[in-house]
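Encoded as structure tokens, here's the structure I'll be asking about.
Along the sequence shown, the residues carry numbers beginning at 1.
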Amino acid sequence: MRLLSRAVQCAVSQRESSRRHFWGWLNAVFNKVDYERIQTVGPDRAAAEWLLRCGAKVRFQGLDRWQHDYNALPPGPLGRFKIQGIDATESCIMYRGFEHLDGLQHLEEIKLKRCIYIEDACLERLSCIENLQQSLLSMEVVSCGNVTDKGLIALHKLRNLERLLLSDLRGSVTNRRR
């Protein structure tokens, strides 16, 4: 009986592991950059499609509401809608997809809350995008467990950042008091 119990536990454990592996693979596919699509629809539309595919929300310049439905993206001519805000709360965005942010020139706000794939390399990549160094005004990094001091230090390159909210970062972020 004990042997049967162990066999069942092992089978369940392997199934859980392969399920996690499947979702990780699918999330990586969602984050793949399609350069042809960026050329066809423009950087803002392509970035919006990427973000919504991954479960994030976007706010376009001149609009107050957050767009969360991929199928309800507003139609219009190339370059009509510019992304002003990104709310990536509990989304599956990851480093692989951050190239989508390269062409965004009007992005003022980014919220990264409870994003399991956000890590230091993501913040470093984001900080090196020249357009964002100039346009980004507000940023939140909350409960992203893979972010450490190294990622936070890179944010100094965002020279126009007026508001930075950091909270519940367990990934070896040290609290240094002098």
Would you say the side-chain atoms of Asp168 pair up with the backbone N or O of Ser143, donor to acceptor, closer than 3.5 Å?
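Absent.
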Does the side chain of Arg96 come within less than 4.5 Å of Lys32's, by heavy atoms?
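Yes, their side chains come closer than 4.5 Å.
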Please tell me if the side chains of Ser91 and Leu51 come closer than 4.5 Å, counting only heavy atoms from C-beta onward.
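A side-chain contact is absent here, since even the closest heavy-atom pair is not under 4.5 Å.
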Going by side-chain contact (heavy atoms from CB on, under 4.5 Å), name the residues that satisfy it together with Asn71, two or more places apart in sequence or in a different chain.
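Partners of Asn71 by the side-chain contact (heavy atoms from CB on, under 4.5 Å) criterion, ordered by chain and then number, come out as Asp69.
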Is there a donor-acceptor contact under 3.5 Å from the side chain of Asp120 to the main chain of Thr148?
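Answer holds: yes.
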Partners of Gln105 by side-chain contact (heavy atoms from CB on, under 4.5 Å), sequence neighbours excluded?
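Gln105: side-chain contact (heavy atoms from CB on, under 4.5 Å) contacts with Asn131.
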Could you pull out the closest heavy-atom pair between Ile153 and His156, with the gap in Å?
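Scanning both residues, the minimum pair turns out to be O-ND1, 2.8 Å.
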Atom CD1 of Ile129 and atom CG of Leu136: how far apart are they, to the nearest 0.5 Å?
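It is 9.5 Å, given to the nearest 0.5 Å.
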At what distance, to the nearest 0.5 angstrom, does CD of Glu99 lie from CG of Asp34?
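Between atom CD of Glu99 and atom CG of Asp34 there are 11.5 Å.
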For residues 121-130, which residue pairs qualify under side-chain hydrogen bond (donor to acceptor under 3.5 Å, both in side chains), counting only residues two or more places apart or in two chains?
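Qualifying pairs, neighbours excluded: Asp102-Arg125.
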Counting distance only, does the side-chain N/O of Ser167 pair as donor-acceptor with the main-chain N or O of Val142 below 3.5 Å?
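Answer holds: no.
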Check: Arg37/Gln39 side-chain N/O donor and acceptor closer than 3.5 Å
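Checked: Arg37/Gln39 side chains show no N/O donor-acceptor pair below 3.5 Å.
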Could you list the donor-acceptor pairs under 3.5 angstrom formed between side-chain atoms of residues 157-165 and any protein atom two or more places apart in sequence or on another chain?
| residue | atom | partner | partner atom | Å |
| --- | --- | --- | --- | --- |
| Arg159 | NH1 | Gln133 | OE1 | 3.3 |
| Asn160 | ND2 | Gln134 | O | 2.7 |
| Arg163 | NH1 | Ser138 | OG | 3.0 |
| Arg163 | NH1 | Glu140 | OE2 | 3.1 |
| Arg163 | NH2 | Glu140 | OE2 | 3.1 |

Using the ring pair (Phe, Tyr, Trp, His ring centres under 6.0 Å) rule, collect all pairs that involve residues 40-76, keeping only residues at least two apart or in two chains.
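Every ring pair (Phe, Tyr, Trp, His ring centres under 6.0 Å) pair that includes a residue of residues 40-76, provided the two are not neighbours, is Trp50-His100, Phe60-Phe81.
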Here's a test for you: under side chain to side chain contact (heavy atoms under 4.5 Å, CB included), which of Ile86, Ile93, Val147, Asp87 qualifies with Leu112?
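Of all the options given, the one that passes is Ile93.
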Are Leu155 and Ile118 linked, directly or through other ILVMFWY residues, by side chains that come within less than 4.5 angstrom of each other?
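Linked, Leu155 and Ile118 end up in one cluster.
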Check against side-chain contact (heavy atoms from CB on, under 4.5 Å), Gln61 and His106:
CA-CA 8 Å; Gln61 199 173 38; His106 303 279; 3.7 Å; yes
Please say yes or no: joined through hydrophobic side-chain contacts below 4.5 Å, possibly via intermediate residues, are Met139 and Phe98 part of one cluster?
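Yes.
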Going by the rule salt bridge (charged side-chain N to carboxylate O under 4.0 Å, His left out), which residues pair with Arg53 if we only count those two or more places apart in sequence or in a different chain?
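With neighbours one apart ignored, the set is empty.
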Examine Val33 and Leu126 and state if one hydrophobic cluster contains both, with Ile, Leu, Val, Met, Phe, Trp and Tyr joined whenever side-chain heavy atoms are less than 4.5 Å apart.
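No, Val33 does not connect to Leu126 through the hydrophobic network.
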Asn31 and Cys54: which non-hydrogen atoms are nearest, and at how many Å?
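Between these two residues, the closest heavy atoms are ND2-SG, 3.7 Å.
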First locate atom CG of Leu101, then atom SG of Cys128, and finally report the distance between them rounded to the nearest 0.5 Å.
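It is 12.5 Å, given to the nearest 0.5 Å.
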Drop me the distance from Cys122's SG to Tyr95's OH, to the nearest 0.5 angstrom.
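Going from SG on Cys122 over to OH on Tyr95, the span is 8.0 Å.
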Can you name the closest pair of heavy atoms from Ala88 and Cys115 and give their distance?
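Distance-wise, the nearest heavy atoms are O-SG, 2.9 Å.
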Backbone N or O of Ile116 within a donor-acceptor pair of the Asn146 side chain at under 3.5 Å?
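Yes, the answer is positive, given that a donor and an acceptor are paired below the 3.5 Å cut-off.
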Would you confirm whether Gln67, through its side chain, and Lys57, through its main-chain N or O, come within 3.5 Å as a donor-acceptor pair?
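A pair under 3.5 Å: no.
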Does Arg59 form a side-chain contact (heavy atoms from CB on, under 4.5 Å) with Ile83? I'd like the steps, not just the answer.
CA-CA 6 Å; Arg59 191 179 69 242; Ile83 295 178; over 6 Å; no
Among the clusters formed by ILVMFWY side chains lying less than 4.5 Å apart, do Leu137 and Leu152 turn up in the same one?
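The answer is no; the residues belong to distinct hydrophobic clusters.
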Leu73-Leu104 co-clustered via ILVMFWY side chain contacts under 4.5 Å
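Yes.
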